[in-house]
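Below, read A as the first sequence line, B as the second, and so on, with proteins coming before strands; counting in each chain starts at 1.
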Protein chains: 2
Amino acid sequence: MPVEPLSRPRIVAAAIDLIEREGADAISMRRIAADLGVGVMSLYNHVPNKATLLDAVAETVLSGIEFTDDPDADWTDRVRMQARAFRQIAHHYPRCTMVVVSRQLQSPAGMLPVERALATLRSVGFDGEEAVRILRMFIAYIVGSLLREVGVTPTFAPVHHSQVDIEKVDPVLFPETRSLAVELGACDHEAEFEFGMELLIQAIAGRLAGRGR
Amino acid sequence: MPVEPLSRPRIVAAAIDLIEREGADAISMRRIAADLGVGVMSLYNHVPNKATLLDAVAETVLSGIEFTDDPDADWTDRVRMQARAFRQIAHHYPRCTMVVVSRQLQSPAGMLPVERALATLRSVGFDGEEAVRILRMFIAYIVGSLLREVGVTPTFAPVHHSQVDIEKVDPVLFPETRSLAVELGACDHEAEFEFGMELLIQAIAGRLAGRGR
DNA sequence: ACCTGAACACCGTTCAAGT
DNA sequence: ACCTGAACACCGTTCAAGT
């Protein structure tokens, strides 16, 4: 029935499509098969199981990141670019973000960003231990930022999409939360991301400068 | 059959238990009911559905955080304490962490930490907008750190629990990753967390100082 | 008010049968 | 080699029946 033959890439693409259309919860082998116009069991000729398929989804999304590294640029600009490239995931595949972030990949697609980041950090003079530490800090920040952007993170960015919610916050128990309702209600994800990123870059730049002493 | 009567708290406790014992994937209404020695449908007398139950799990875990705030302490110490309190989640309920982090709560349990953090930041002189920005940055960092600690984060902290994995990394494609195999393989979560936290605190302290000019 | 079994519409995956 | 339907052991949830 399918005009093109079934293949792993086609299955992964259908899975990504389905997640973006109906959310990560909606995904199932049966739904994907239905979308492709084949029987469920046909999928198992190309993918061993659902977990592996989700890994492939994560890998595919991750490998779609456009890393445009300019080795001649200032190192802070290079770090900026790499961090922003990651944030693209949340833009291009918002509902796949959780899948990407919650899967442990050891494939090249997952490791290339690591390699690049380490190379950049080492080239400015950080030793191995520092480079790894700094990379991990950036990753933690980026992952946390993506989850907020994608609307998955909790509580801590409350009071959204409706002023009614604000009214329900008890002003005597939560005076600050209440008085900052406007600020908490709005969130310019790009500005927020940039703010934290600049603070981090500034902090590690300071660390680098303090090195010479 | 149950010696104690069924109740929402007992159901939530059983759910947390099950998640910690067998992982978040293993959770189901039927398994929880079995653990409690009741029929599945009995649960629905106390909890409207599975999603609400998971929200309650998140809220319960979150409200178990021990916030010991000393208003007389240095503000940096207060921030440190609040951040560390969050990290306790990953220690006390490692396998529930993903659940906590992936649910949007608007309950008091979820908002109290926000309220405290905002109060602390405002008391040192940050205005509302700055306080919210800084809080969000900390939350992003903490959430990302917890996910790494709990082993959920991807790729980016690769090469774990086995030296064999390292051997498989292609040294010509990934020279840095390969040469830093030892550093990437080990991860002292507490040290890692503290490193990033100190950098963040230092960065915002600098921002505060630069304010007087 | 609380408990429950049967039933419904879903899952992922194994297996044996087809081509 | 690839596709597939039937079958199995699971899901969450509705409903009607019990106490």
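The side chain of A:V40 has C:dT13 as its nearest neighbour among C:dT13, D:dG12, D:dT13.
Between B:F126 and B:W75, the ring planes lie perpendicular to each other; the angle is over 60°, past the 30° to 60° tilted range.
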Report the C-alpha separation of A:R103 and A:V61 in whole Å, then their side-chain angles, then the decisive distance to 0.1 Å, and conclude whether the side chain to side chain contact (heavy atoms under 4.5 Å, CB included) test is met.
CA-CA 12 Å; A:R103 304 247 130 208; A:V61 169; over 6 Å; no
Stepwise salt bridge (Lys or Arg N to Asp or Glu O under 4.0 Å) check, B:R148 with B:E192
CA-CA 10 Å; B:R148 161 160 40 71; B:E192 218 71 37; 5.6 Å; no
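Between the P atom of D:dT4 and the CD1 atom of A:I32 lies a distance of 16 Å, rounded to the nearest Å. Taking atom CG of B:L53 as the reference point, atom P of D:dC11 lies 14 Å away to the nearest angstrom. Atom NZ in A:K50 sits roughly 12 Å away from atom C1' in C:dC10 (whole-Å rounding). Rounded to an integer number of Å, the gap from A:L6 CG to C:dT19 P is 20 Å. The distance between atom CG of B:N45 and atom P of D:dT19, rounded to the nearest whole Å, is 16 Å. Rounded to whole Å, the distance from CD1 on A:I27 to P on D:dC11 is 20 Å. For the pair A:Y44 OH and D:dG5 P, the computed distance is 15 Å after rounding to whole Å. Atom CG of B:L36 is separated from atom C1' of C:dC2 by 15 Å (rounded to the nearest Å).
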Its dot-bracket string being built from Watson-Crick and G-U pairs below 3.5 Å, with | for another strand and [ ] for crossing, DNA chain C has the pattern ||.|||||...|||||.||
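Neither OP1 nor OP2 of D:dA1 sits under 4.0 Å from any side-chain N or O of A:H46.
Judged purely by atom type and a 3.5 angstrom limit, A:Q82 has no side-chain atom pairing as donor or acceptor with the backbone of A:V79.
Checked options B:L199, B:I201, B:L200; the residue passing with B:M197 is B:I201 (criterion: side-chain contact (heavy atoms from CB on, under 4.5 Å)).
Comparing A:M41 and A:A26 along DNA chain C, the residue whose closest nucleotide (by nearest heavy atom) sits nearer the 5' end is A:A26. Both A:L43 and B:N49 sit near DNA chain D, but only A:L43 has its closest nucleotide nearer the 5' end.
Of the charged side-chain nitrogens involved, at least one lies within less than 4.0 Å of a carboxylate oxygen, so that A:R31 and A:E22 count as a salt-bridged pair.
Residue contacts shown for B:S42 include a base, since a base heavy atom lies under 4.0 Å away.
No side-chain heavy atom of B:I65 sits under 4.5 Å from any side-chain heavy atom of B:L112.
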